[in-house]
Undergrad: 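Okay, handing you the structure first.
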Amino acid sequence: WVKRPSVPRHSTTNGLTRTELFRIVDCAKESGVQDEAIMCILGYNGLRVGEVVAIQVEDIGMFNGYHTVKIVREKSMEAATIPLAPRTSWAVQRQMYGRTSGPLFMLRGEVPMDRRGVDRIVKRLAWKHVE
């Protein structure tokens with residue numbers, strides 16, 4: 001017998017328009033291969049940051065002519081094979097640069113990328129985009 005609270009129909013979550021996403025990915029391309037690949041995976045494929053930093057080079061593959069990435073979903077902990085968007089596929093292939101194993105995204109040296117590293121990249125590109 002409890003009355004549910006009224007919830008507004010419009011989301012208050014901030015998001016990017018299609019044009020803003022294109023501009024940020026273009027800024028990322030100017031910034032470097034890794035930045036472009038991260039922004040493409042986040043923007044075009046909608047992966048979560050934790051899923052992005054967990055990607056290993058061995059997780060990149062092909063299925064029915066499409067490049068794919070195998071991930072473990074953060075919320076459900078289920079394995080999933082995600083087809084990559086064409087621009088994402090191109091950026092990821094450039095990021096791999098002939099490597100056959102190890103983390104796809106790296107900080108300086110041989111240190112795997114973490115959530116904070118991705119956060120810094122996204123914030124830096126967002127500020128570049130605003131300028």
Side-chain angles (χ1 to χ4, degrees):
W1 300 101
V2 177
K3 184 178 178 185
R4 289 185 175 183
S6 62
V7 178
R9 289 188 169 265
H10 298 287
S11 174
T12 58
T13 303
N14 290 331
L16 297 175
T17 65
R18 176 174 266 177
T19 306
E20 290 171 334
L21 175 62
F22 291 152
R23 278 197 250 149
I24 286 183
V25 172
D26 287 340
C27 285
K29 183 177 181 181
E30 293 172 10
S31 181
V33 176
Q34 178 164 274
D35 293 357
E36 181 184 12
I38 287 172
M39 292 308 297
C40 284
I41 290 175
L42 290 172
Y44 295 136
N45 291 94
L47 269 63
R48 295 172 177 274
V49 173
E51 296 165 350
V52 171
V53 298
I55 297 174
Q56 300 288 311
V57 173
E58 306 90 75
D59 297 334
I60 307 297
M62 292 283 288
F63 182 74
N64 287 343
Y66 292 97
H67 284 100
T68 60
V69 61
K70 293 178 185 176
I71 63 167
V72 175
R73 290 286 184 189
E74 278 192 330
K75 282 196 166 186
S76 63
M77 299 307 288
E78 293 179 2
T81 301
I82 309 294
L84 296 176
R87 185 165 180 177
T88 306
S89 171
W90 181 73
V92 167
Q93 292 300 317
R94 289 179 50 220
Q95 173 64 22
M96 287 177 26
Y97 191 67
R99 291 186 293 145
T100 57
S101 64
L104 181 60
F105 300 111
M106 307 286 277
L107 294 172
R108 294 180 204 104
E110 296 294 318
V111 179
M113 178 75 68
D114 59 358
R115 289 173 175 269
R116 291 186 65 222
V118 173
D119 182 60
R120 283 190 296 268
I121 289 169
V122 170
K123 285 179 180 175
R124 179 174 37 84
L125 293 172
W127 278 110
K128 265 185 164 179
H129 166 70
V130 171
E131 293 175 348

Undergrad: So, taking the atom named NZ in Lys70 and the one named CD1 in Ile55, what distance separates them when rounded to the nearest 0.5 Å?
TA: 13.0 Å
Undergrad: Does CZ in Arg99 sit with more than 12 non-hydrogen atoms of other residues, nucleotides or ligands closer than 6.0 Å?
TA: yes
Undergrad: Hey, are the side chains of Ile82 and Arg73 touching, using non-hydrogen atoms and a 4.5 Å cut-off?
TA: yes
Undergrad: If two hydrophobic side chains count as joined below 4.5 Å and joins carry through other members, does Tyr44 share a cluster with Leu16?
TA: yes
Undergrad: Measuring from Ile38:CD1 to Gln95:CD, what's the distance to the nearest 0.5 Å?
TA: 7.0 Å
Undergrad: Give a yes or no on whether Val25 and Val33 share a hydrophobic cluster (residues Ile, Leu, Val, Met, Phe, Trp, Tyr; joining criterion: side-chain heavy atoms under 4.5 Å apart).
TA: no
Undergrad: Considering all heavy atoms of both residues, which atom of Pro83 and which atom of Thr81 are nearest to each other, and what is their separation?
TA: CD-O, 3.8 Å
Undergrad: Using only atom types and a distance under 3.5 Å, with no angle test, would you say the side chain of Glu78 pairs donor to acceptor with the backbone of Val72?
TA: no
Undergrad: How many angstroms lie between atom CD1 of Ile24 and atom SG of Cys40, to the nearest 0.5 angstrom?
TA: 12.0 Å
Undergrad: If I take atom CG from residue Asp59 and atom CD1 from residue Ile71, how far apart are they, to the nearest 0.5 angstrom?
TA: 9.5 Å
Undergrad: Would Gln93 and Ile60 count as a side-chain contact (heavy atoms from CB on, under 4.5 Å) if you check the C-alpha gap in whole Å, the side-chain angles of each, and the deciding distance to 0.1 Å?
TA: CA-CA 9 Å; Gln93 292 300 317; Ile60 307 297; 3.8 Å; yes
Undergrad: His67 and Ser89: which non-hydrogen atoms are nearest, and at how many Å?
TA: ND1-OG, 2.6 Å
Undergrad: Is the number of heavy atoms from other residues, nucleotides or ligands under 6.0 Å of Met77 CE greater than 12?
TA: no
Undergrad: When hydrophobic residues are tied together by side-chain contacts of less than 4.5 Å, even through go-betweens, does Leu107 share a cluster with Val118?
TA: yes
Undergrad: Can you give me the closest heavy-atom contact between Met39 and Ala28, atom names plus distance?
TA: CG-CB, 3.8 Å
Undergrad: Assess Arg94 against Trp90: is NZ or CZ under 6.0 Å from the centre of the six-membered ring, and within 45 degrees of the ring's axis?
TA: yes
Undergrad: So, Arg87 and Glu36, do they make that salt bridge, N to O below 4.0 Å?
TA: yes
Undergrad: Measure the CE-CG distance between Met106 and Asp114 for me, rounded to the nearest 0.5 Å.
TA: 12.0 Å
Undergrad: Would you say Met96 ends up clustered with Val111 if hydrophobic residues are merged whenever their side chains have heavy atoms under 4.5 Å apart, either directly or through other cluster members?
TA: yes
Undergrad: For Leu84 versus Asn45, what's the shortest heavy-atom pair and its separation?
TA: CA-ND2, 3.5 Å
Undergrad: How long is the gap from CD1 on Ile121 to OG on Ser31, to the nearest 0.5 Å?
TA: 7.5 Å
Undergrad: Is there a continuous path of hydrophobic side-chain contacts, each under 4.5 Å between heavy atoms, that joins Tyr66 to Leu47?
TA: no
